[in-house]
Amino acid sequence: MTTRFDLLTIGGGSGGVAGSRRAASYGAKVGLIEGGRMGGTCVLRGCVPKKLLVYGARFAEAFEDARGYGWTIEGASHDWGAMIAAKNQELDRLEGIYRSMLDRAGVTTITGHARLIDAHTVAVGDQRVAAERIMIATGGYPVRPDIPGAELGISSDEALDLTVRPDRIMIVGGGYIGVEFAGIFSTLGSTVTQVLRQDLPLRGFDEELRVALHQAMVARGVGFRARTLPTAITKAADGLHVALSDGTTVVVDQVLWATGRRPNTANLNLAAAGVAVTAAGAIAVDAWSRTSVPSIYAVGDVTDRVALTPVAIAEARAVAETLFNANATMVQHDTIATAVFSRPELGTVGLSEEAARARYGAIKVFATGFRPMQYVLAGRNERTLMKLIVDAATDRVLGAHMLGPDAAEIIQSLAVAVTAGLTKRQFDQTMALHPSAAEEFVTLRDARPSPQ
Ligand code: NDP
């Protein structure tokens with residue numbers, strides 16, 4: 001054993017890299033163990049490649065809409081393979097940036113799979129690495145249901161690397177990943193069948209937005225099979241035959257499992273160091289991201305708190321601030337803006353109408369639905385939906401929700417106001433920026449009548 005690190009991070013994803021760099025910037029001696037490519041789920045298998053594919057798909061709509069503005073577009077065609085190759089090139093570039101950022105920060109990278117030996121020691125192959133503190137940031141992995149033929153389907157990992165776009169795809173699951181891939185594939189011309197075990201996608205989001213998204217996706221040609229589960233998949237000459245719990249069979253070229261993710265703890269040997277896990281298999285942590293072992297911390301998806309990249313980054317940096325900058329920092333998990341890059345796009349911050357009503361009782365709901373100006377000449381009949389949820393007692397805006405173009409960009413800005421606890425009156429005092437869609441959020445006048 002040669003080096004004893006101040007901090008040894010396991011996992012080179014967004015959280016691990018951010019926390020390591022922050023700790024090193026305060027003079028800590030930091031090591032980071034990663035078994036594969038640097039960048040983690042978000043950069044290599046999640047947010048970034050997904051968003052690039054969403055951008056790629058958007059051109060199909062833009063070409064359609066352009067006609068209404070006088071454009072003649074002939075012979076437009078899409079090369080899925082070229083898009084994937086371009087995406088991979090970008091991921092290579094980003095991975096290079098991650099590595100050089102770590103180098104510049106003075107973080108020592110160690111390649112291999114980490115296994116805990118005790119509260120201060122990690123094994124990587126034959127090597128033993130010692131550290132004052134350990135931070136586990138190993139993320140999660142996609143799960144697939146345990147049904148016959150499940151292995152014939154793919155996860156989002158493989159969906160991002162398909163060399164050919166499937167003409168017919170079944171997407172199982174109605175969470176973020178399910179609806180985002182339904183948007184990508186359907187917009188680019190695939191026939192999409194989306195299987196939900198509920199009536200609507202995006203459980204937990206504002207109910208009205210769920211209904212509106214569902215309607216818009218149906219109008220865009222996504223074929224939903226609600227309250228249904230696949231029961232078996234078999235391969236035949238004409239494709240994959242998926243038997244559903246309603247007794248029907250659907251034949252497709254690909255099945256995408258978008259049925260959730262689980263914390264990546266396999267082979268970490270957590271028990272050897274005494275690190276406790278939750279019933280769901282996540283590493284149990286307190287508000288400071290401390291595990292049951294005082295020298296070991298865990299951040300990001302492996303802790304199954306809020307599985308979003310910026311949250312993992314914030315948690316990891318908070319650990320670095322607390323340990324190496326004498327700046328005790330705790331992450332607030334209650335007002336987190338999030339977007340679903342479905343078609344149409346959905347953005348949300350704060351409480352849904354249902355959650356706000358349950359928590360605060362008396363609330364006011366301000367909402368508007370309109371056809372975005374950009375769609376009028378294009379002849380597109382999709383409507384934008386915006387909602388503000390306000391605490392009747394204090395006038396504080398508890399939640400802002402939007403379904404429509406640029407929802408992610410608009411909600412990110414509004415998140416400042418919601419996080420700051422601004423009131424509806426302060427929204428009303430804000431001058432509108434005209435003409436924009438976002439101005440509707442500061443011109444909402446009448447609350448809906450309260451439900452009896
Ligand atoms: P989610 O947990 O969001 O959704 C899983 C979906 O699969 C739900 O609709 C769930 O139904 C359904 N499901 C679960 N098990 C089964 C089963 N056995 N059979 C049929 N359906 C099933 O997971 P995702 O995989 O979509 O995404 C994982 C996480 O990654 C997200 O929660 C999010 O935190 C993050 N993410 C964020 C993105 C973003 O910020 N834009 C993009 C992608 C991912 P039910 O509702 O009934 O439970």
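Since this is a predicted model, take the numbers as computed values, not measurements. As the structure lists them, so they are numbered: ligands from 1, and atoms in each ligand from 1.
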Asker: Would you say Ala339 and ligand 1 have an N/O pair spaced under 3.5 Å apart?
Answerer: yes
Asker: Any N/O of Ala258 closer than 3.5 Å to an N/O of ligand 1?
Answerer: yes
Asker: So which protein heavy atom does atom 42 (C) of ligand 1 come closest to, and at what separation?
Answerer: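 Looking at atom 42 (C) of ligand 1, the protein heavy atom closest to it is Glu180 OE1, 3.2 Å.
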Asker: Kindly say whether Pro310 contributes a backbone atom to a donor-acceptor pair with the side chain of Ser14 at under 3.5 angstrom?
Answerer: no
Asker: Does Lys424 qualify as a cation-pi partner of Phe366, given the criterion of NZ or CZ under 6.0 Å from the six-membered ring centre and within 45 degrees of its axis?
Answerer: yes
Asker: Of the protein's non-hydrogen atoms, which lies at the shortest distance from atom 2 (O) of ligand 1, and what is that distance?
Answerer: Gly260 CA, 4.2 Å
Asker: Between Tyr375 and Phe370 (judged by ring centroids, cut-off 6.0 Å), do the two rings come close enough to count as a pair?
Answerer: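 Ring-ring flag for Tyr375/Phe370: false, centres at least 6.0 Å apart.
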Asker: Ignoring hydrogens, just give me the one of Ile177, Thr259, Asp146 whose non-hydrogen atom is nearest atom 21 (N) of ligand 1.
Answerer: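 It is Thr259 that holds the nearest heavy atom.
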Asker: Short list, please: which atoms of ligand 1 are under 4.0 Å from a heavy atom of Ala307?
Answerer: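 Selected atoms, number and element: 33 (C), 34 (O), 35 (C).
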Asker: Is any NZ, NE, NH1 or NH2 atom of the basic residue among Glu208 and Arg448 found under 4.0 Å from an Asp or Glu carboxylate oxygen of the other?
Answerer: yes
Asker: Ligand 1 and Gly175, any nitrogen or oxygen pair closer than 3.5 angstrom?
Answerer: yes
Asker: Would you call Arg99 and Glu34 a salt bridge, taking side-chain N to carboxylate O under 4.0 Å as the test?
Answerer: no
Asker: What atoms of ligand 1 come closer than 4.0 angstrom to any heavy atom of Lys50?
Answerer: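 Answer, ordered by atom number: 41 (N), 42 (C).
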Asker: Are Glu354 and Arg357 within salt-bridge range, i.e. N to O under 4.0 Å?
Answerer: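 A salt bridge is absent here (no side-chain N lies under 4.0 Å from a carboxylate O).
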Asker: List for me each residue that meets side chain to side chain contact (heavy atoms under 4.5 Å, CB included) alongside Arg317, sequence neighbours excluded, and say none if there are none.
Answerer: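 With sequence neighbours excluded, Arg317 shows a side chain to side chain contact (heavy atoms under 4.5 Å, CB included) to Ala18, Arg22, Ile313, given in chain and number order.
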Asker: Using modelled atom types and a 3.5 Å cut-off, is there a donor and acceptor pairing between side-chain atoms of Ser156 and backbone atoms of Ala159?
Answerer: no
Asker: Suppose I only count heavy atoms of Gln198 and a 4.0 Å limit; which atoms of ligand 1 are within that range?
Answerer: 45 (P), 46 (O), 47 (O)
Asker: Closer than 4.0 Å to some heavy atom of Leu229 - which atoms of ligand 1 meet that?
Answerer: 19 (N), 20 (C)
Asker: Look at atom 29 (C) of ligand 1 and say which protein heavy atom is nearest, naming residue and atom and giving the distance to 0.1 Å.
Answerer: Arg261 CD, 4.2 Å
Asker: Looking only at distances, please establish whether an N/O atom of ligand 1 is found under 3.5 Å from an N/O atom of Arg203.
Answerer: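 There is such a contact, yes.
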Asker: Who's the nearest protein heavy-atom neighbour of atom 12 (C) of ligand 1, and how far?
Answerer: Gly173 CA, 3.9 Å
Asker: Charged N to carboxylate O below 4.0 Å: is that the case for Lys87 and Asp161?
Answerer: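 The answer is yes: the pair qualifies as a salt bridge.
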Asker: Would a distance-only check, ignoring hydrogens and angles, find a side-chain to backbone donor-acceptor pair under 3.5 Å from Glu409 to Asp406?
Answerer: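 Side chain of Glu409 to backbone of Asp406, a donor-acceptor pair under 3.5 Å: no, none is there.
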Asker: Could an N or O of ligand 1 be found under 3.5 Å from any N or O of Gly174, whether backbone or side chain?
Answerer: yes
Asker: Looking only at protein heavy atoms, which one is nearest to atom 39 (C) of ligand 1, and what is the separation?
Answerer: Tyr176 CD2, 3.3 Å
Asker: For Ile136, is there any backbone N or O sitting under 3.5 Å from a side-chain donor or acceptor partner on Thr138?
Answerer: no
Asker: Can you check whether Phe341 has an N/O within less than 3.5 Å of an N/O in ligand 1?
Answerer: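 It does not: no N or O of Phe341 is found under 3.5 Å from an N or O of ligand 1.
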Asker: Would you tell me which option among Arg197, Arg262, Arg144 has the nearest heavy-atom contact to atom 15 (N) of ligand 1?
Answerer: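 When every heavy atom of Arg197, Arg262, Arg144 is considered, Arg197 comes closest to atom 15 (N) of ligand 1.
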Asker: Using a strict 4.0 Å cut-off to heavy atoms of Leu308, name the atoms of ligand 1 that fall inside it.
Answerer: 34 (O), 37 (C), 40 (O)
